[in-house]
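Lettering of chains follows the sequences in order, A, B, ..., and the numbering in each one begins at 1.
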2 protein chains.
Amino acid sequence: MARRTKTAPAADGGAATHEIGFLLQRAHRRMRGELNEALRPLNLNVGHLAVMGLLFNGEALTQQQLIGILEIDKSSMVYLIDELERQGLAERRSVSGDRRAYAIHLTDAGRQRLAVVGGAARDVQERFLAPLTPRQRMQLRELLSKVAG
Amino acid sequence: MARRTKTAPAADGGAATHEIGFLLQRAHRRMRGELNEALRPLNLNVGHLAVMGLLFNGEALTQQQLIGILEIDKSSMVYLIDELERQGLAERRSVSGDRRAYAIHLTDAGRQRLAVVGGAARDVQERFLAPLTPRQRMQLRELLSKVAG
DNA sequence: TATTGTTATACTCTATAACTATA
DNA sequence: TATAGTTATAGAGTATAACAATA
């Protein structure tokens with residue numbers, strides 16, 4: 001059953017290019033590539049966008065909190081925030097009660113930039129998801145959230 | 001509408017961690033990490049596995065063909081095949097009719113190794129897909145193949 | 001001139017380890 | 001002793017560019 005679907009690449013006997021891992025890599029690479037291409041003129045990458053997105057609701061988060069949510073290394077977080085700060089999009093502020101910690105605040109400039117950058121990101125996502133119906137997009141989101149860990 | 005679904009992480013106002021791109025990155029990173037961890041003791045990575053998988057049906061492919069299918073750079077392909085050849089798992093053979101090209105053949109050792117490595121990869125994929133029903137796995141595969149490009 | 005493959009090199013992203021300053 | 005953050009460094013993974021041999 002399901003020997004060869006209509007959409008199957010001809011070059012593959014099903015050994016590799018049909019595997020979920022392979023498709024996942026392709027999809028991720030394509031999405032990330034287009035997103036970074038759109039973000040590069042602004043000297044930002046998906047990491048910066050993710051941080052700004054998390055700060056957008058208004059409340060500042062400490063680097064530790066950002067690290068916990070985004071599951072990236074603390075040194076990587078330093079670089080992300082350094083760049084955001086360099087561009088005046090976010091700033092480190094002291095946390096009362098713990099002089100080791102910094103709360104990261106989105107500046108007004110950061111908020112404005114996020115509006116632009118977020119729009120570009122949505123355009124990319126829209127192109128990426130173009131082959132899917134709204135219902136399929138929802139399905140994909142739900143399936144991915146189950147396996148994303 | 002859709003202000004906050006039941007499965008939403010609390011830390012995010014929907015700005016970032018719900019995005020498909022974010023979930024895609026997470027899922028891909030998790031899958032790739034586990035796969036590479038399983039492959040590392042064998043001095044192989046997912047690229048080597050993909051090449052071996054493509055060669056498994058028996059017919060050799062030239063580096064150009066592999067490059068076209070896997071969509072990676074030709075210099076990256078050189079490194080992948082160098083390592084496979086170094087381990088005796090594949091070999092470059094001259095192509096009659098074009099002395100520039102090499103056809104890559106899977107050796108018997110490569111075939112045996114692929115059986116082992118492929119088994120490990122399937123185990124990883126099984127753990128990765130564990131949260132999904134068989135029907136959901138099929139859905140995920142089909143949705144990904146639509147957006148994988 | 002164009003193409004196959006190789007080599008050298010560089011870039012992005014991320015991680016590890018040693019460090020400072022607090023706790 | 002442990003934690004927040006920084007710095008220096010290294011490692012994947014991939015890409016670019018110059019090159020040799022051949023088409």
Side-chain angles (χ1 to χ4, degrees), chain A residues 21-22 24-26 28-51 60-86 90-104, chain B residues 21-22 24-26 28-40 43-51 60-86 90-104:
Chain A
F22 182 83
L24 203 51
Q25 187 208 25
R26 279 263 174 124
H28 169 247
R29 187 178 56 182
R30 199 190 133 208
M31 179 87 178
R32 188 193 52 188
E34 291 188 23
L35 204 45
N36 276 336
E37 193 176 341
L39 266 40
R40 186 165 304 120
L42 299 152
N43 286 313
L44 296 174
N45 65 27
V46 290
H48 302 116
L49 181 60
V51 170
L61 297 170
T62 65
Q63 295 188 205
Q64 277 305 315
Q65 289 173 313
L66 290 167
I67 287 166
I69 296 166
L70 296 178
E71 291 178 7
I72 67 174
D73 189 81
K74 58 187 181 175
S75 67
S76 304
M77 184 57 68
V78 169
Y79 296 130
L80 290 179
I81 297 172
D82 279 355
E83 180 61 23
L84 291 178
E85 213 167 30
R86 199 190 64 72
E91 55 188 32
R92 292 173 168 93
R93 292 192 203 155
S94 300
V95 169
S96 70
D98 190 342
R99 288 195 299 183
R100 296 170 305 179
Y102 290 107
I104 313 303
Chain B
F22 181 83
L24 204 50
Q25 187 207 26
R26 281 262 174 123
H28 170 247
R29 187 177 56 182
R30 200 190 133 207
M31 179 85 178
R32 188 193 52 189
E34 291 189 22
L35 204 45
N36 275 337
E37 193 176 340
L39 266 42
R40 187 166 304 120
N43 286 312
L44 296 173
N45 65 26
V46 290
H48 301 117
L49 181 60
V51 169
L61 298 170
T62 66
Q63 296 188 204
Q64 278 304 315
Q65 289 173 314
L66 289 167
I67 288 165
I69 296 167
L70 295 178
E71 291 177 9
I72 66 174
D73 189 80
K74 58 186 179 176
S75 66
S76 305
M77 184 57 68
V78 170
Y79 297 130
L80 289 179
I81 297 172
D82 279 356
E83 179 61 22
L84 291 178
E85 214 167 28
R86 200 189 64 71
E91 54 187 34
R92 292 173 168 92
R93 293 192 202 153
S94 300
V95 169
S96 69
D98 190 341
R99 288 196 299 183
R100 296 170 305 178
Y102 291 106
I104 313 304

### Message
Which heavy atom of A:Val46 sits nearest to which heavy atom of A:Asn36, and what is that distance?
### Response
N-OD1, 3.4 Å

### Summary
Here the distance between atom C1' of C:dT12 and atom CG of A:Leu49, to the nearest Å, is 17 Å

#### Entry: Results of salt bridge (charged side-chain N to carboxylate O under 4.0 Å, His left out) for B:Glu37 - residues two or more places apart only
none

### Partners passing salt bridge (charged side-chain N to carboxylate O under 4.0 Å, His left out) against A:Asp98 (at least two apart in sequence or in another chain)
A:Arg100

### Message
Between P on C:dC13 and CZ on B:Arg29, what's the gap in Å once rounded to a whole number?
### Response
14 Å

### Query
How close or far is atom C1' of D:dT14 from atom CD1 of B:Ile72, stated in whole angstroms?
9 Å

### Query
Hey, what do you get for CD (B:Glu71) to CZ (A:Arg30), rounding to the nearest 0.5 Å?
10.5 Å

### Summary
Sorted by chain and number, sequence neighbours left out, ring pair (Phe, Tyr, Trp, His ring centres under 6.0 Å) with A:His48 holds for none

#### Entry: Paired and unpaired positions of DNA chain D as dot-bracket, Watson-Crick or G-U wobble under 3.5 Å, | denoting a partner strand
|||||||||||||||||||||||

### Task
Tell me, please, which residues at least two apart from B:Glu83 pass salt bridge (charged side-chain N to carboxylate O under 4.0 Å, His left out).
B:Arg86

### Query
With A:Asp73, which residues qualify under side chain to side chain donor-acceptor pair (under 3.5 Å), at least two apart?
A:Ser75

## Note on the structure
Contacts of A:Gln64 meeting side chain to side chain donor-acceptor pair (under 3.5 Å) (sequence neighbours excluded), chain-then-number -> none

Quick one: which protein N/O atoms are closer than 3.5 Å to N/O atoms of nucleotides 3-7 of chain C? Pair and distance per line, please.
unit_1, atom_1, unit_2, atom_2, d
C:dT3, O4', B:Arg100, NH1, 3.3
C:dT3, O2, B:Arg100, NH1, 2.6
C:dG5, OP1, B:Tyr102, N, 2.6
C:dG5, OP1, B:Tyr102, O, 3.1
C:dG5, OP2, B:Gln64, N, 2.9
C:dG5, N7, B:Lys74, NZ, 3.4
C:dG5, O6, B:Lys74, NZ, 3.1
C:dT6, OP1, B:Arg92, NE, 2.9
C:dT6, OP2, B:Gln63, OE1, 3.1
C:dT6, OP2, B:Gln63, NE2, 3.0
C:dT6, OP2, B:Arg92, NH2, 3.1

### Message
Between C1' on C:dC13 and CG on A:Leu44, what's the gap in Å once rounded to a whole number?
### Response
15 Å

Taking N or O atoms only and anything under 3.5 Å, show me the protein contacts with nucleotides 11-13 of chain D, one pair per line.
unit_1, atom_1, unit_2, atom_2, d
D:dG13, OP1, B:Asn36, ND2, 2.7
D:dG13, OP2, B:Asn45, ND2, 3.1

### Query
What pairs with B:Arg92 under salt bridge (charged side-chain N to carboxylate O under 4.0 Å, His left out), at least two apart in sequence or on another chain?
B:Asp82, B:Glu85

#### Entry: For B:Ala50, all residues meeting side chain to side chain contact (heavy atoms under 4.5 Å, CB included), sequence neighbours excluded
B:Leu70

### Query
For A:Ala103, what residues pass the side chain to side chain contact (heavy atoms under 4.5 Å, CB included) criterion, not counting sequence neighbours?
A:Ala60, A:Val95, A:His105

#### Entry: Integer-rounded Å distance: C:dT14 P and A:Glu83 CD
15 Å

